[in-house]
Q: 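The structure under discussion is supplied below as structure tokens; questions concerning it will follow.
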Amino acid sequence: MSTKRPGKFLALFLAAILAVSVFAGCATPQEEKNNDALPTAATTAAGTEPAEAEKPYSGQTVNVLLNAHPWQVAAEPLFAEFEEKTGIKVNATVLGEDVYWDRVNLGLSSEEPPFDVFMLSPNMTGYTGYTNGWIAALDEFIEDPDKTPASYQYEDIYPYVVDGFRYPNADGKIYGIPLTMETYILFYRKDLFAEQNIDVSALKTMDDWMEVLDQLDAAYKDQGISAAVIRGADPTMPDELLAAVYNNWGDRPYEAQRMFYFDKDWNTQFTDPAVVEGFKTWAKILSLGPTGCTNFTWYDCTTQFAAGSAATYWFDASLFASTFEDAEQSQVAGKVGYLAVPPTATGHGTTHWGWGLGITENSKVKDAAWQFVQWATSPEVEQATAPSTGGPVRAATWPVMKDIYGEEYCAAVDESLAMSAPGYMYFNGSGEVTNRIIDAVIRMSQGEDAGTVMQWLDEEAKAIVEKSDLKTAS
């Protein structure tokens, strides 16, 4: 399915779905009055204790596999309230992202998966699960009023986030319910920019920012503060890299699920100037990072930035504001600025992504699992978790973000989503392509010629297309 500028679709959708504001920066005074503060966990998640007749799955156990994440940190303490309300026992396992993906793939492929519910990503993991029949379609649960009451307000979840959990494309069935959404923005240290007399409002383009990074490198490198931090050889890095490429792509169409790298006939496009520039930008920023940054994951990046060891943090999830503004986790709380990524000479855009909850096809307790998923993604629980994620997926929750994170953050997210594309790439062989993408970026950051590296990547991608028989399959 060919896609033209998803930001335009998003703008039309937002205008159509709500007469009220979606994002905090646009909230009406009455909305802000009605949302002065988020309810506490006790007032939102516990609810009224139902009669035993309303606990049809009491005594069942739902095994839940979670990635260590701000949503998990906020939601897990509420699980006991869910157990009391439903009589369903929740057995939760939390893993760091470095091992989470392997455990998910191994579990999904089992005839008796060790988990019933898991945090799902709209990428190759979900697509592989769909193609192999490992994950359950959720449409029948959503559409059944006996299983999903009107109070769940499913229609309040943004469709453009839900679409990332449809397979095989945006017209397919729903295999996950969104938990959080994130768009990729720029974080910077206001105090360091003030020390260097840098007027952020005067930095209009990506080129302007690249010059400033050199200035920051010269000023702070000897003090143990890097000019920038960005993901390196992280398996998820290619997802964020799509934002850097889209920032150069412009209004040209591209193929959904293939993004900017393959045309409708599966011809490779890694030598396209916009793709090359996106990779060069990432490699340049990576080269200005701290020692060992070529292996940095998002956790390493956020740790460095929160510790005050980096002046800027590029193309990463807006939800990390929740960490940076928490004085218990961050030494830069109150000192962080938030901006949409700056435009390039050929475009201006970013991408968005999200986490959701899915159910394994072979689960023996699907109905109880859906009860948990429905509760965990309910309006009440999202209000309790939103302060930790900074990225609610429901329209009704967004207006309160202004009071929590401030106007600058909300403006950055608002502007970013208005020009954002879904950053999802999945097809047979996409895992191999992303591995080559990581190799290419690392090589360029270490000084190899961009033209040579991108030509190598293009040839590698062609070989993967042939091996995966993608042209014949399409």
Side-chain angles (χ1 to χ4, degrees), residues 1-4 101-102 104-106 108-109 121-135 164 166-172 175 231-246 248-250 252-280 282-283 351 353 421-446 448-474:
M1 178 173 58
S2 184
T3 304
K4 287 180 178 288
W101 299 113
D102 287 340
V104 167
N105 289 326
L106 183 63
L108 287 177
S109 63
S121 63
N123 60 8
M124 193 61 192
T125 298
Y127 181 71
T128 300
Y130 155 76
T131 56
N132 288 291
W134 295 339
I135 56 178
R166 293 180 183 272
Y167 296 108
N169 53 48
D171 297 321
Y175 288 84
R231 300 192 199 200
D234 179 344
T236 66
M237 178 269 275
D239 296 329
E240 285 73 23
L241 178 60
L242 290 169
V245 175
Y246 189 38
N248 289 272
W249 189 261
R252 291 181 291 161
Y254 64 89
E255 295 298 310
Q257 283 82 50
R258 305 177 199 179
M259 299 306 291
F260 320 106
Y261 302 144
F262 303 91
D263 68 13
K264 62 182 179 61
D265 298 316
W266 286 104
N267 297 309
T268 54
Q269 301 183 144
F270 285 100
T271 57
D272 182 287
V275 177
V276 174
E277 284 303 312
F279 276 59
K280 286 172 64 177
W282 201 281
T351 53
W353 199 78
Y424 312 134
M425 187 176 76
Y426 41 78
F427 49 83
N428 293 334
S430 64
E432 293 180 77
V433 173
T434 56
N435 287 338
R436 304 300 193 282
I437 286 172
I438 293 171
D439 291 343
V441 171
I442 300 303
R443 288 170 57 182
M444 289 167 61
S445 73
Q446 295 173 339
E448 289 194 47
D449 176 69
T452 301
V453 172
M454 295 304 286
Q455 185 62 50
W456 167 83
L457 178 57
D458 202 71
E459 293 298 325
E460 289 289 304
K462 286 178 182 176
I464 293 169
V465 166
E466 278 192 39
K467 184 176 71 172
S468 301
D469 210 19
L470 293 172
K471 290 190 177 182
T472 301
S474 61

Q: Is Ser109 reaching over with its side chain to a backbone N or O of Leu106, donor-acceptor style, under 3.5 angstrom?
A: yes
Q: Using modelled atom types only, decide if a donor and an acceptor are shared between the side chain of Asn132 and the backbone of Thr128 within a distance under 3.5 Å.
A: yes
Q: In the structure I gave you, are the side-chain heavy atoms of Leu242 and Tyr424 within less than 4.5 Å of one another anywhere?
A: no
Q: Carefully, step by step, assess Val453 and Phe279 under the rule side chain to side chain contact (heavy atoms under 4.5 Å, CB included).
A: CA-CA 10 Å; Val453 172; Phe279 276 59; over 6 Å; no
Q: Once rounded to the nearest 0.5 Å, what's the spacing between atom CD of Gln269 and atom CG of Asp458?
A: 9.0 Å
Q: With sequence neighbours left out, what residues match Asn428 under side chain to side chain donor-acceptor pair (under 3.5 Å)?
A: none
Q: Just by distance, do the side chain of Thr434 and the backbone of Gly431 share a donor-acceptor pair under 3.5 Å?
A: yes
Q: If I take atom CE from residue Met259 and atom CG from residue Leu241, how far apart are they, to the nearest 0.5 angstrom?
A: 10.5 Å
Q: Kindly say whether Ala244 contributes a backbone atom to a donor-acceptor pair with the side chain of Asn248 at under 3.5 angstrom?
A: yes
Q: Considering only heavy atoms from C-beta outward, does the side chain of Arg258 approach that of Met425 to under 4.5 Å?
A: no
Q: Tell me if a side-chain donor or acceptor on Asp234 pairs with a main-chain N or O of Thr236 at a distance below 3.5 Å.
A: yes
Q: How far apart are the closest heavy atoms of Pro168 and Tyr426, and which atoms are they?
A: O-CE1, 3.8 Å
Q: Pair Val276, Phe270 - check side chain to side chain contact (heavy atoms under 4.5 Å, CB included), show working.
A: CA-CA 7 Å; Val276 174; Phe270 285 100; over 6 Å; no
Q: Could you check if a side-chain atom of Thr351 sits within less than 4.5 angstrom of a side-chain atom of Pro422, using non-hydrogen atoms only?
A: no
Q: Mind listing the closest non-hydrogen atom pair of Leu108 and Ile135 along with its distance?
A: CD2-CG2, 3.9 Å
Q: Look at Arg231 together with Glu240 and state whether they make a salt bridge at an N to O cut-off of under 4.0 Å.
A: yes
Q: Which atom names give the shortest non-hydrogen contact between Gly429 and Ser468, and what distance separates them?
A: CA-OG, 3.7 Å
Q: Would you say Glu466 has more than 12 foreign heavy atoms packed within less than 6.0 Å of its CD?
A: no
Q: Using 30° and 60° as the class boundaries, would you call the ring planes of Phe260 and Tyr246 parallel, tilted or perpendicular?
A: parallel
Q: Can you confirm whether or not the ring centre of Phe427 sits under 6.0 Å from the ring centre of Tyr127?
A: no
Q: Could you pull out all residues at least two apart from Lys462 that satisfy side chain to side chain donor-acceptor pair (under 3.5 Å)?
A: none
Q: May I ask you to check whether Tyr254 and Tyr261 place their ring centers less than 6.0 Å from one another?
A: no
Q: Any chance you could measure Asp102, atom CG, to Thr125, atom OG1, to the nearest 0.5 Å?
A: 9.5 Å
Q: In sequence, state the C-alpha distance, the side-chain angles, and the governing distance for Ile464 and Arg436, and then conclude on side chain to side chain contact (heavy atoms under 4.5 Å, CB included).
A: CA-CA 10 Å; Ile464 293 169; Arg436 304 300 193 282; 4.2 Å; yes
Q: From the options Glu460, Met454, Glu459, select the one residue that forms a side chain to side chain contact (heavy atoms under 4.5 Å, CB included) with Trp456.
A: Glu460
Q: Please round to the nearest 0.5 Å and tell me the distance separating atom CD of Glu448 and atom CD1 of Ile442.
A: 11.0 Å
Q: Could you please spell out the steps behind the salt bridge (Lys or Arg N to Asp or Glu O under 4.0 Å) verdict for Arg252 and Asp272?
A: CA-CA 12 Å; Arg252 291 181 291 161; Asp272 182 287; 2.9 Å; yes
Q: Side chain to side chain contact (heavy atoms under 4.5 Å, CB included) for Trp282 and Met237? Distances and angles first, verdict last.
A: CA-CA 10 Å; Trp282 201 281; Met237 178 269 275; 3.7 Å; yes
Q: Would you compute the distance between atom CZ of Phe262 and atom OG of Ser430 and round it to the nearest 0.5 angstrom?
A: 9.0 Å
Q: When rounded to the nearest 0.5 angstrom, what is the spacing between OH in Tyr167 and CD in Gln257?
A: 9.0 Å
Q: Does Asn267 reach the main-chain N or O of Asp263 with its side chain, forming a donor-acceptor pair under 3.5 Å?
A: no
